[in-house]
Amino acid sequence: MDNNELISQINVLKRQKNAVILAHYYQVPEVQDIADFIGDSLALAQYAEKTEADVIVLAGVYFMAETAKIINPKKKVLIPDPEAGCSLADSCNPKDFAGFKKKYPEAVVVSYVNTSAEIKALTDIVCTSSNAVKVVNSIPKGKQIIFAPDRNLGNYLSNVTGREMIIWDGACHVHEEFSLEKIVKLKDENEDARLICHPECKKPIQILSDFIGSTAAMLDYVQKSSHKKFIVATEPGILHQMQKSCPDKVLIPAPPIDSTCGCNDCKFMKLITLEKIYRSLKEDIFEVNIDNELADKARMSIERMLNLSK
Ligand code: 13P
Ligand code: SF4
């Protein structure tokens, strides 16, 4: 089937099954274009919470589908490729994290949404890059805070909020691969460009940046800015929506250390294709199922975040 045929078959199946397709900004352009909703991690969770569809197809990575299922236990949540994981979520395994947590029994545990359900079950309040500052600021002063799993986001939060935090030493392989030297060179060659980055980038890149924010916040910044040129330090999938909404702006993807590796593409996000979405809807695969007791524990920490973000 060619893409046009796939798109029309996907639309037929969506109507038949009362399904919605939710896509993250890092998805390939044709997947973003077929989605009913495109968003950052927070917006995807918020949409999943309120949708009236019977089936949610999550065109993103596994923790996003898992989060949608936890907050919607009665709905069918499908992920078109169950191998779509996340190196950051994988950098925090539940057994080690439980041991880490035990060392600080008084601490409030804040976990990034890029974690497994098991980690969320060990968490007091989840956050995304959109609401992390708000979440940390909601914790009473004087309380110890554990933050997991991203060390770059953790250090950023500690700087912005002035709170000391005990930070898990995890990272995203995509965001740690940007080359500081090449970005400095690009900035010199493009003095009129603004550098914008995701808080998962390393500290020196954050320091150089004119703006730091979630994928949705970066998109909003480009849309509202009077500047015309931007060096964008996050997964390049975001450029599709940026360019679509701002056709007159010049967007330069920030380069990785090794320019031949494509290491700033999230290989997990890129596993989702139109063909897999079609198969997912047709065969009801791959359904996300979570043990009830685990989901109940994880739901509390996600709901605290959603209530704080209304
Ligand atoms: P956002 O919540 O900013 O969309 O980020 C998700 C993510 O996985 C970044 O790598
Ligand atoms: Fe995970 Fe990094 Fe991919 Fe985001 S870009 S989904 S943090 S591996």
Side-chain angles (χ1 to χ4, degrees), residues 41-42 45-46 49 61-71 73 85-173 175-176 198-203 206 212 214 288-310:
S41 307
L42 176 64
Q46 287 170 325
E49 188 190 26
V61 290
Y62 200 80
F63 75 80
M64 294 173 175
E66 209 172 42
T67 304
K69 180 67 184 178
I70 292 168
I71 52 184
C86 167
S87 64
L88 178 54
D90 289 346
S91 71
C92 189
N93 92 62
K95 199 163 164 272
D96 294 344
F97 188 67
F100 180 74
K101 188 182 151 171
K102 258 201 184 130
K103 290 196 248 168
Y104 310 97
E106 299 300 317
V108 174
V109 179
V110 180
S111 293
Y112 197 27
V113 70
N114 299 42
T115 46
S116 63
E118 286 82 0
I119 298 293
K120 290 185 176 83
L122 292 166
T123 293
D124 294 303
I125 181 160
V126 169
C127 72
T128 74
S129 46
S130 271
N131 58 18
V133 171
K134 199 171 181 184
V135 167
V136 171
N137 281 334
S138 75
I139 297 165
K141 293 245 162 33
K143 269 265 170 208
Q144 256 187 334
I145 300 173
I146 289 178
F147 182 80
D150 190 72
R151 57 180 174 237
N152 297 317
L153 176 61
N155 287 322
Y156 166 78
L157 285 172
S158 182
N159 280 342
V160 172
T161 61
R163 301 292 293 269
E164 248 183 63
M165 302 202 300
I166 305 150
I167 300 170
W168 183 264
D169 193 23
C172 155
H173 73 291
H175 285 86
E176 287 229 320
H198 195 276
E200 288 172 25
C201 290
K202 285 182 175 173
K203 191 169 183 178
Q206 293 187 18
I212 305 169
S214 72
V288 177
N289 283 309
I290 304 163
D291 169 76
N292 283 344
E293 202 182 319
L294 174 63
D296 288 346
K297 281 191 192 146
R299 189 175 307 113
M300 286 193 269
S301 59
I302 300 171
E303 278 178 353
R304 281 192 197 108
M305 167 187 84
L306 290 172
N307 290 337
L308 200 73
S309 308
K310 276 184 177 143

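Side-chain atoms are counted along with the backbone in the values below, which use heavy atoms only and exclude waters and symmetry mates. Throughout, numbering of the chain's residues begins at 1 and tracks the sequence.
Side-chain atoms of V109 and Y104, non-hydrogen and from C-beta on, never get closer than 4.5 Å to each other. Using a 4.5 Å heavy-atom cutoff, the side chains of V61 and M64 are in contact. Contact annotation: the side chain of L88 never approaches that of H173 to less than 4.5 Å [non-hydrogen atoms, C-beta and beyond]. Counting heavy atoms from C-beta outward, Y112 and V126 have side chains that stay 4.5 Å or more apart. In this structure, the side chains of L294 and E118 come closer than 4.5 Å at one or more pairs of heavy atoms.
Atom CD1 of residue I71 and atom CE of residue M305 lie 7.0 Å apart, to the nearest 0.5 angstrom. Considering OG1 of T67 and CG of N114, their distance stands at 9.0 Å, rounded to 0.5 Å. Going from atom CD1 of I70 over to atom CD1 of I302 covers 4.0 Å, rounded to the nearest 0.5 Å. For the atom pair Q144 CD and I139 CD1, the distance stands at 11.5 Å (nearest 0.5 Å). Separating the CD atom in E66 from the CD1 atom in I290 is a distance of 4.5 Å, to the nearest 0.5 Å. With rounding to the nearest 0.5 Å, the separation of CG in D150 from CG in N155 is 9.0 Å.
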- Item | Worked verdict on R163 versus S158 for side-chain contact (heavy atoms from CB on, under 4.5 Å) | CA-CA 5 Å; R163 301 292 293 269; S158 182; 5.6 Å; no

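A donor-acceptor pair shorter than 3.5 Å cannot be found between the side chains of E200 and Y156. No side-chain N or O of N137 forms a donor-acceptor pair with one of T161 less than 3.5 Å apart. For the residue pair T128/S41, the side-chain donor-acceptor check at 3.5 Å is not satisfied. For the residue pair N152/E176, the side-chain donor-acceptor check at 3.5 Å is satisfied. In summary, the side chains of S301 and T123 do not present any donor paired with an acceptor at a separation below 3.5 Å, with no hydrogens or angles considered.
Ring centroid separation for the pair F97 and W168 comes in under the 6.0 Å cut-off.
A 6.0 Å sphere centred on NZ of K101 holds more than 12 heavy atoms belonging to other residues, nucleotides or ligands.
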